[in-house]
Amino acid sequence: MNLFTVLGAIAGGLVVFRIMFLWSVLTKFVRRWWGLMEEWCYVYQFYRIPEYNENFQENQLYRKVPVYLSSLPSLEDSDYANLFAGKKPNEIFLQLDPNQVVRDSFLGTKVSWRNESSSSRKSFVLKIRKEDKRRILRPYLQHIQTVADEIELKKREIKLYTNDGTGAVGRWRSVSFTHPVTLESIAMDADLKNKVRSDLESFVKGKQYYHRLGRVWKRSYLLYGPAGTGKTSFVAAMAKFLCYDLYEVDLGRVKADSDLKSLLLQTSGKSVILVEDLDRFLAEKSGNVSISGILNITDGVFSCCGEERVMVFTMNSRDKVDPSLLRPGRLDVHIYFPLCDFPAFKTLATSYLGVKDHKLFPQVEEVFQAGGSLSPAEIGEILIVNRSSPSRALKSIINALQSSSSAGSSVGTKTMQRLSESGSVNGRSDDSRDASAVMCRESVHTVREFRRLYGLLKMNCSGSRKNASFELDK
């Protein structure tokens, strides 16, 4: 290849580059000219969203627009978008630069936003075609507010509140709620977990539905079962899933029924209100709060003091609790937390040890079938202590299960007592209580349909048990 050929190739490349550059410049010029012509011909309508109104009050829509725009994929393709670090690790978000334009589409219509900023005022300008404004303007603005609210809710710092019992009526103290638990990490029957997740999602989206029925927008849960079965962790997972603040009510620190009402009045919306060990508190009668005071906060007038609340009560057993507390309307969903079985153990082994299968699993399953019984908390502690050696951990589990079932029979006395509380012993289930269930009292399905879908807790001769199931009101 001689010098002339090389020079010719370079010259040809420069010519092609210049043509492409000129074409790009020409294309941008034509697009800009066409846009100006459309604006001059009043094809577009412009709406300005200022930061403050004429009374210098903050415009709430102005606050939501940048939150919404920061979620648009098209913002990443815009020139000069600003990058900011969030409060959480590795959290990065984009924001419009002054006078920058970003495009969006809604219901098949293209719109654009421009961030106008000057020394005197700040505003966002929405550009929309006149022929489309009547069809999409209001739905589009409602869509912006909905998406912005969802984003802000996820970024919201969750608080844990506890009542300290000081002062005339007590008060709440708060700390940041940083519990790492999630619904995914909870060792629970998959069908049950999905049903609870669906119920919570329906509740969050059900404001208009509840109002149409003339009901307060709240939901109540009863979590019951032996100690160490994960009830408190499940409440924490619910709060994390909903991004709601968690209020833990210590009834022992409440001085009177009126104080309990005052504490309830001090709670905020988007909150989970937790009352633990209610059966023990009522049995000991050591506090100053009466059963009527508790009933008032479940469905009395004071339960209507705020909306978008989830109330959760935990018990070891519901058998000795006043039935009036358990009736429909006061406790909507009942969830039973049983002692650990083999499927739940496999979930725990995967979470704690990273082991999905092991040569010792058949032996563990055999001990469970022979009547061995431990709570998830007991199994979890053994796995944590022996996490460096899965084999040692599983051998420790086998020994602990054998010890639990060696008190004179294949099922120990304590295990039999626990099973008796659940209403299922020696293969028989007490249909009057059906303690192994989630009781969705508002469901319209029949018991027969439910049993076909989920099954009831039964104990066969080998002692195997389902982790959890659903029970509907009969």
Just by distance, do the side chain of [X] and the backbone of [Y] share a donor-acceptor pair under 3.5 Å?
X      : Y      : answer
Thr314 : Asp277 : yes
Ser317 : Asp319 : yes
Lys193 : Ile186 : yes
Ser70  : Val67  : yes

Can you tell me how the ring of Phe124 sits relative to the ring of Tyr62, calling it parallel under 30°, perpendicular over 60° and tilted otherwise?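 If you compare the ring of Phe124 with that of Tyr62, the planes turn out tilted.
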
For [X] and [Y], which I'm curious about, is there any donor-acceptor pair between the side chains at under 3.5 Å?
X      : Y      : value
Tyr140 : Asp104 : yes
Glu308 : Tyr244 : yes
Thr229 : Tyr336 : no

Over 12 non-hydrogen atoms of neighbours within 6.0 angstrom of [atom1] in [X]:
X      : atom1 : value
Arg387 : CZ    : no
Tyr47  : OH    : yes
Lys122 : NZ    : no

Least distance between heavy atoms, [X] atom then [Y] atom:
X      : Y      : answer
Ile144 : Lys64  : CG2-O, 4.4 Å
Val216 : Tyr210 : O-CD2, 3.3 Å
Ala227 : Ser375 : O-CB, 3.8 Å
Ile49  : Leu61  : CD1-CD2, 3.8 Å

Can you tell me how far apart OH (Tyr161) and OG (Ser268) are? Round to the nearest 0.5 Å. 5.5 Å

Are Phe203 and Trp217 close enough that their ring centres sit under 6.0 Å apart?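 When the ring centroids of Phe203 and Trp217 are compared, they turn out to be within the sub-6.0 Å range.
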
Report the C-alpha separation of Asp322 and Leu295 in whole Å, then their side-chain angles, then the decisive distance to 0.1 Å, and conclude whether the side chain to side chain contact (heavy atoms under 4.5 Å, CB included) test is met. CA-CA 11 Å; Asp322 190 334; Leu295 295 178; 5.9 Å; no

Audit row: Phe361, Leu394, side chain to side chain contact (heavy atoms under 4.5 Å, CB included) steps and yes/no: CA-CA 8 Å; Phe361 273 13; Leu394 296 180; 3.8 Å; yes

List the steps, then state whether side chain to side chain donor-acceptor pair (under 3.5 Å) holds for Ser290 with Asp257. CA-CA 7 Å; Ser290 65; Asp257 291 348; 2.6 Å; yes

Does the pair Glu51 and Ser123 meet the rule for a side chain to side chain contact (heavy atoms under 4.5 Å, CB included), with working shown? CA-CA 6 Å; Glu51 183 177 13; Ser123 61; over 6 Å; no

Between Asp132 and Lys110, does any NZ, NE, NH1 or NH2 come within less than 4.0 Å of an OD or OE carboxylate oxygen? no

Set out, in order, the CA-CA distance, both residues' side-chain angles and the distance that settles side chain to side chain contact (heavy atoms under 4.5 Å, CB included) for Lys159 and Phe177, then state yes or no. CA-CA 5 Å; Lys159 297 280 190 179; Phe177 186 62; 5.7 Å; no

For the residue pair Met315 and Leu325, establish whether any side-chain heavy-atom pair is separated by less than 4.5 Å.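 Yes. Closest side-chain heavy atoms under 4.5 Å.
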
How about Asp199 and Asp332: do any of their side-chain heavy atoms sit closer than 4.5 Å? no

Show the atom names and distances, to 0.1 Å, of all donor-acceptor pairs under 3.5 Å that link a side chain in residues 230-240 to residues at least two apart or in another chain.
{"from": "Lys231", "atom 1": "NZ", "to": "Gly225", "atom 2": "O", "distance (Å)": "3.0"}
{"from": "Lys231", "atom 1": "NZ", "to": "Pro226", "atom 2": "O", "distance (Å)": "3.0"}
{"from": "Thr232", "atom 1": "OG1", "to": "Glu276", "atom 2": "OE2", "distance (Å)": "2.4"}
{"from": "Lys240", "atom 1": "NZ", "to": "His179", "atom 2": "O", "distance (Å)": "2.4"}

